[in-house]
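Here is the structure we will look at, set down as structure tokens.
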2 protein chains.
Amino acid sequence: MSQLSKAEQKRQAREEELIDLAVEIIANEGPGSLTLEKLTSRSAYSKGTIYNHFSSKEDCLSALCCRAVSSIMTFFQQAVEFDGNLREKALAIHYAYQLYSRIHPTLFQVVLISKSPGVRDKTSDKRVECMDLLENQINDVSDSMFQHALQQGEINNPHVSVETASFANWAMSFGTLALASSAAEATAVSRLDQETILLNNVNLLLDGMGWSPLSSEWDYCDSWKRIAEHLKPLATHHTNNTHD
Amino acid sequence: MSQLSKAEQKRQAREEELIDLAVEIIANEGPGSLTLEKLTSRSAYSKGTIYNHFSSKEDCLSALCCRAVSSIMTFFQQAVEFDGNLREKALAIHYAYQLYSRIHPTLFQVVLISKSPGVRDKTSDKRVECMDLLENQINDVSDSMFQHALQQGEINNPHVSVETASFANWAMSFGTLALASSAAEATAVSRLDQETILLNNVNLLLDGMGWSPLSSEWDYCDSWKRIAEHLKPLATHHTNNTHD
DNA sequence: ACCTGAACACCGTTCAAGT
DNA sequence: ACCTGAACACCGTTCAAGT
């Protein structure tokens with residue numbers, strides 16, 4: 001299964017090359033201006049070959065989504081290694097998510113775009129499968145975090161289950177970052193401190209779950225700074241973007 | 001100022017007519033398939049006239065965004081009239097937001113799309129002004145709610161300001177609804193009870209702010225049902241959609 | 001002043017012909 | 001088996017000609 005034919009290896013290498021190129025296009029010109037025409041003319045290949053890799057423009061967008069979620073996953077893996085209590089580890093994951101959304105704002109957008117019907121519908125079955133697989137991996141990271149917190153009694157609240165907590169946590173993070181990156185000029189966003197906006201929102205939520213130590217009992221601002229330090233390698237290493 | 005010439009009245013009526021048509025198109029075929037070509041051919045007017053109303057395809061999308069936000073505003077105005085304590089009024093607004101996102105899922109999407117750079121950039125100045133104005137109105141509703149709660153001591157937390165609370169509240173609502181509507185097939189979403197998903201998330205957040213009565217001290221599930229009853233007229237009256 | 005539709009450039013997708 | 005690029009339908013945007 002892991003033994004790939006030479007032809008297949010070449011094919012996969014080319015697909016990576018094309019995705020790299022597509023990433024460059026959306027980073028510089030936005031997700032809306034990705035066209036397979038552009039991708040063709042800027043690559044060394046012909047229209048037919050492009051369509052050999054991507055069954056449609058939307059399938060290409062979904063390939064970018066897979067790339068994005070996969071990167072986010074490696075960010076998360078770095079984050080959980082932060083040395084601290086469980087709630088701090090959770091904060092580290094949020095920080096990693098924010099970091100990704102700021103290093104690759106357009107790829108961050110693409111993740112939502114690809115999941116919307118109309119794009120998903122025009123994505124090849126093989127790719128949809130890949131997206132769902134990656135999404136489940138991300139999900140598992142989040143779930144297992146809350147599982148631990150509940151088991152160890154750090155969250156002590158009969159109304160909080162793994163499923164509800166995990167989703168509320170994701171919704172808050174996603175909502176905050178989506179609004180901060182897409183509606184950055186909005187008064188409601190611009191009047192806030194961009195450095196701690198996510199920390200504040202998440203702290204309110206986790207306090208509401210009763211995840212101890214509560215923010216009144218612990219200096220999470222300091223944690224946030226230490227997390228930033230811990231994840232600095234990701235921030236510097238991945239900044240090979242031309243535009244944003 | 002409010003005295004419009006006959007020509008201007010006619011122009012505005014036609015614009016409403018075109019926006020109605022565009023709403024119909026995106027409701028049935030998704031925001032991605034709105035084209036000015038389609039809008040032209042399904043309307044009684046020519047390309048030139050369409051471009052007389054919308055400076056670009058993106059400007060047309062932004063017109064839909066204005067329509068959406070304006071409708072959301074009227075939903076909110078119904079919501080604040082719910083007879084209950086302040087936290088229940090806040091819940092009523094969330095309920096109204098959810099109701100809108102379910103009655104007009106594609107218009108709900110369009111609001112985020114229009115605020116993204118690349119769409120906003122291609123929107124006429126006049127329309128951008130209109131969008132910002134409406135957004136501020138929505139903002140004011142949210143802000144004044146938290147202002148009241150803080151003044152009356154129902155939120156008693158030195159770390160919570162109007163600005164931070166208002167944004168956290170918006171982010172949670174938006175994040176929850178965006179994920180629930182765009183990523184409905186995702187495991188993290190589908191495994192939850194769709195009826196109370198938003199109520200649960202918001203309750204956790206408002207508990208975290210210390211907004212009394214806390215969810216442990218009050219039956220907000222019951223409030224949620226009463227709010228649904230209060231807003232029923234909106235649900236039935238506005239369901240004139242063909243597809244979703 | 002406003003409306004019309006031809007015109008053109010660009011894009012998505014297919015497929016016959018070539019290797 | 002895979003690659004190529006011509007071909008065609010569709011779309012965004014402009015603008016000369018018409019009222």
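Proteins come first, then strands; the chains are lettered A, B, ... in the order of their sequence lines, and each starts at number 1.
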Output one line per pair: protein atom, nucleotide atom from nucleotides 9-13 of chain C, and distance, for all N/O pairs under 3.5 Å.
from	atom 1	to	atom 2	distance (Å)
dG12(C)	OP2	Leu36(A)	N	2.8
dG12(C)	OP2	Glu37(A)	N	3.1
dG12(C)	N7	Lys47(A)	NZ	3.4
dT13(C)	OP2	Tyr51(A)	OH	3.1
dT13(C)	OP2	Lys57(A)	N	3.1
dT13(C)	O4	Lys47(A)	NZ	2.9

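Using a 4.0 Å cut-off, no side-chain N or O of Thr49(A) falls inside it from OP1 or OP2 of dC2(D).
Nucleic acid contact class of Arg14(B) (heavy atoms, under 4.0 Å, all strands): sugar-phosphate only.
A 6.0 Å sphere centred on NZ of Lys38(A) holds more than 12 heavy atoms belonging to other residues, nucleotides or ligands. Within a 6.0 Å radius of CG in Asp125(A), other residues, nucleotides and ligands contribute 12 heavy atoms or fewer. Counting non-hydrogen atoms of neighbouring residues, nucleotides and ligands closer than 6.0 angstrom, the CD atom of Glu129(A) reaches no more than 12 such neighbours.
The partner of dC11(C) cannot be assigned: no Watson-Crick or G-U wobble pair with both contacts below 3.5 Å exists in any strand. Remark: dT4(D) base-pairs with dA16(C); criterion is Watson-Crick or G-U wobble with both hydrogen-bond distances under 3.5 Å.
Atom NE2 in His53(A) sits about 10 Å away from atom P in dT4(D), given to the nearest Å. Remark: P of dT14(C) and CG of Asn52(A) are 13 Å apart, rounded to the nearest angstrom. Atom P of nucleotide dC2(D) and atom CD of Glu15(A) are separated by 14 Å, given to the nearest angstrom. Nucleotide dC3(D) holds its P atom 10 Å from the CD1 atom of Ile50(A), rounded to whole Å.
Residues Thr164(A) and Arg191(B) form no side-chain contact, since every pair of their non-hydrogen atoms from C-beta on lies 4.5 Å or further apart.
When only modelled atom types and interatomic distance are considered, His94(A) and Asn201(A) share no side-chain donor-acceptor pair under 3.5 Å.
Tyr97(A) has its ring centre less than 6.0 Å from the ring centre of Phe108(A).
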